[in-house]
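We name chains A, B, ... by the order of the sequence lines, and we start the count at 1 in each one. Since this is a predicted model, take the numbers as computed values, not measurements.
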There are 2 protein chains.
Amino acid sequence: MTSSPTADRPEPAPDDVDRLAGVDLAAEPIFLMARAAALGSSMANRGLAPLGLKVRSYSILAVACSGTGPTQRELGDLLRMRPSQTVAILDELEQRGLVERRTDPRDRRSKTVVPTGPGRELYASAKAAVDRAAETSLGALSPRDREDLARLLRLLAF
Amino acid sequence: MTSSPTADRPEPAPDDVDRLAGVDLAAEPIFLMARAAALGSSMANRGLAPLGLKVRSYSILAVACSGTGPTQRELGDLLRMRPSQTVAILDELEQRGLVERRTDPRDRRSKTVVPTGPGRELYASAKAAVDRAAETSLGALSPRDREDLARLLRLLAF
DNA sequence: TATTGTTATACTCTATAACTATA
DNA sequence: TATAGTTATAGAGTATAACAATA
C-alpha cells in the first residue's frame, strides 16, 4: 500500500508481540490499519511471487483487466503512485507482453492500458493467489465481520 | 507503516478515482486495507512533520512511553521492522534526547528503551497530532462504526 | 550454539524536476 | 498556459550478511 507495498518477511513468534499488544499505540486506528495492511500485503506478496508479480504490478494488471481502459494518470491516482512509478511498472508489464499502451484518440496525450491474452490469463491466476492470501489473512473473521470490514474500509478508502 | 510508512502527498481530485472505484480490485480487502492505511499514514505524517517525527519514530516513542520497557527486538516485532532499522531510528531519538537505551540486567544482551522527560512531553503533543489525524481520517464513520472497525482490525493485526 | 544489538552494504521504493507532445 | 507521459537522479526505506557481546 501504500502500503504497502510492504515487506515480505517471516512473522515473529506471536508471543513476542503479545506482551506489547496492550500499549496505547495498539489501540490507535492508524496503527492498527497500518499493521493489518502490512500483514495482508506481505501475505499477498508471498502468493504473487511465483507469478513474477507484486501488489503494485498486480494492481495495475487488475485494473487493466477491468474493461474500463484506465489511463496512466487514473492508475496512478487510484494506486497512489507518481507518474514515474506508473511508467516503470508499466514498462515491465508491457515488456513481458501482459499489457499494451494505446494512445487515446480523443486526447492524444493520454495512454490507456489494456491487457493482452497472456495478461488476462496471468491475472486470473494472480487473482486466485490474492484471494487465497485474503482468505488466510481474514481467517479469524466471520462472514458477517468480513462484510462489515469491507464496508468500513470502502468508506475510508474512497 | 508498513506500510507502510507511506508517502505524504496531496490527494488527487476524488473524481479521478471515482471512475475506477467500481473495478474488481476495489472490492478486494487487501487492496482496500492498503489504500485506507496509506491514506491514514499520510495524514498522520502530515500532523507529525512539525514535531520532527514520522509514523515509525512516533510509534517507537509511543511504545517507549508505555511503561512496559520494551526491548529493541520487541519493538521490531511489533512494528515489523528489522533490527538495523530499529537501531537507526533509535539512534536518532536518543541523539535528540527523547529516549534512552538501558542494558537489561537480567539479560545483558538486550536493551530496554525508556523515554526521557522531553521524550514524554513530545509524545504527548505527537499523540494529540495523531489523534487529530485519525479524527480527520475517520470522519466519515459513526462512533459505532469506529468501534467495529477497531475491533476487526485488532483481530487482523494480532 | 543461539540471540541481541550493531555496522556496512546493496537493493527497492518513492520523490523531484526537467523534458516532449499534445491540448 | 496546462496536462499526460517520459526520463534521469537523488533520497528514503528496506533487506542481507558479518560481527561482538552475552546467553
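Regarding contacts with the backbone of D:dA15, a side-chain N or O of B:Gln85 is found under 4.0 angstrom from either OP1 or OP2. For the OP1/OP2 pair of C:dT14 and a distance below 4.0 Å, the side-chain nitrogens and oxygens of A:Arg56 include at least one atom meeting the criterion. Contact annotation: A:Arg82 reaches the phosphate of C:dT16 (side-chain N/O to OP1 or OP2, under 4.0 Å). Not one side-chain nitrogen or oxygen of A:Lys54 sits closer than 4.0 Å to the OP1 or OP2 atom of C:dT12.
Distance B:Gln95 CD to C:dT6 P: 13 Å, rounded to the nearest Å. Whole-Å rounding puts the A:Asn45 CG to C:dT12 P distance at 14 Å. B:Ile89 places its CD1 atom 11 Å from the C1' atom of D:dT14, with the value rounded to the nearest Å. Between the CG atom of B:Leu75 and the P atom of C:dG5 there is a distance of 9 Å, given to the nearest Å. Across the protein-nucleic acid pair, B:Ile60 atom CD1 and C:dG5 atom P stand 11 Å apart, rounded to whole Å. Per the geometry, CE belonging to A:Met81 stands 18 Å off C1' belonging to D:dA12, to the nearest Å. A straight line from CD of A:Glu92 to C1' of C:dC13 spans 13 Å, rounded to a whole angstrom.
A side chain to side chain contact (heavy atoms under 4.5 Å, CB included) with A:Ile60 is found for one member of A:Leu79, A:Leu78, A:Val55 and no other, namely A:Leu79.
A continuous path of ILVMFWY side-chain contacts below 4.5 Å connects B:Leu32 to A:Leu155, so both sit in one hydrophobic cluster.
Panel note: side chain B:Ser57, backbone B:Lys54; a donor-acceptor pair is recorded below 3.5 Å. Side-chain atoms of A:Arg146 come within 3.5 Å of backbone N or O of A:Leu141 as a donor-acceptor pair. Proximity of a side-chain donor or acceptor of A:Thr136 to a complementary backbone N or O of A:Arg132 within less than 3.5 Å is detected.
Atom OH of B:Tyr58 sits about 6.0 Å away from atom CG of A:Leu25, to the nearest 0.5 Å.
For B:Arg106 and A:Ser84, each mapped to the nucleotide of DNA chain D holding its nearest heavy atom, the one lying further toward the 5' end belongs to A:Ser84. For A:Pro83 and A:Pro105, each mapped to the nucleotide of DNA chain C holding its nearest heavy atom, the one lying further toward the 5' end belongs to A:Pro83.
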Under 3.5 Å, which N/O atoms of the protein pair with N/O atoms of nucleotides 2-4 of chain C?
unit_1 : atom_1 : unit_2   : atom_2 : d
C:dT3  : O4'    : B:Arg109 : NH1    : 3.2
C:dT3  : O2     : B:Arg109 : NH1    : 3.3
C:dT4  : OP1    : B:Arg73  : NE     : 2.5

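Summarising the local packing, CZ of A:Arg151 is surrounded by more than 12 heavy atoms from other residues, nucleotides or ligands at distances under 6.0 Å.
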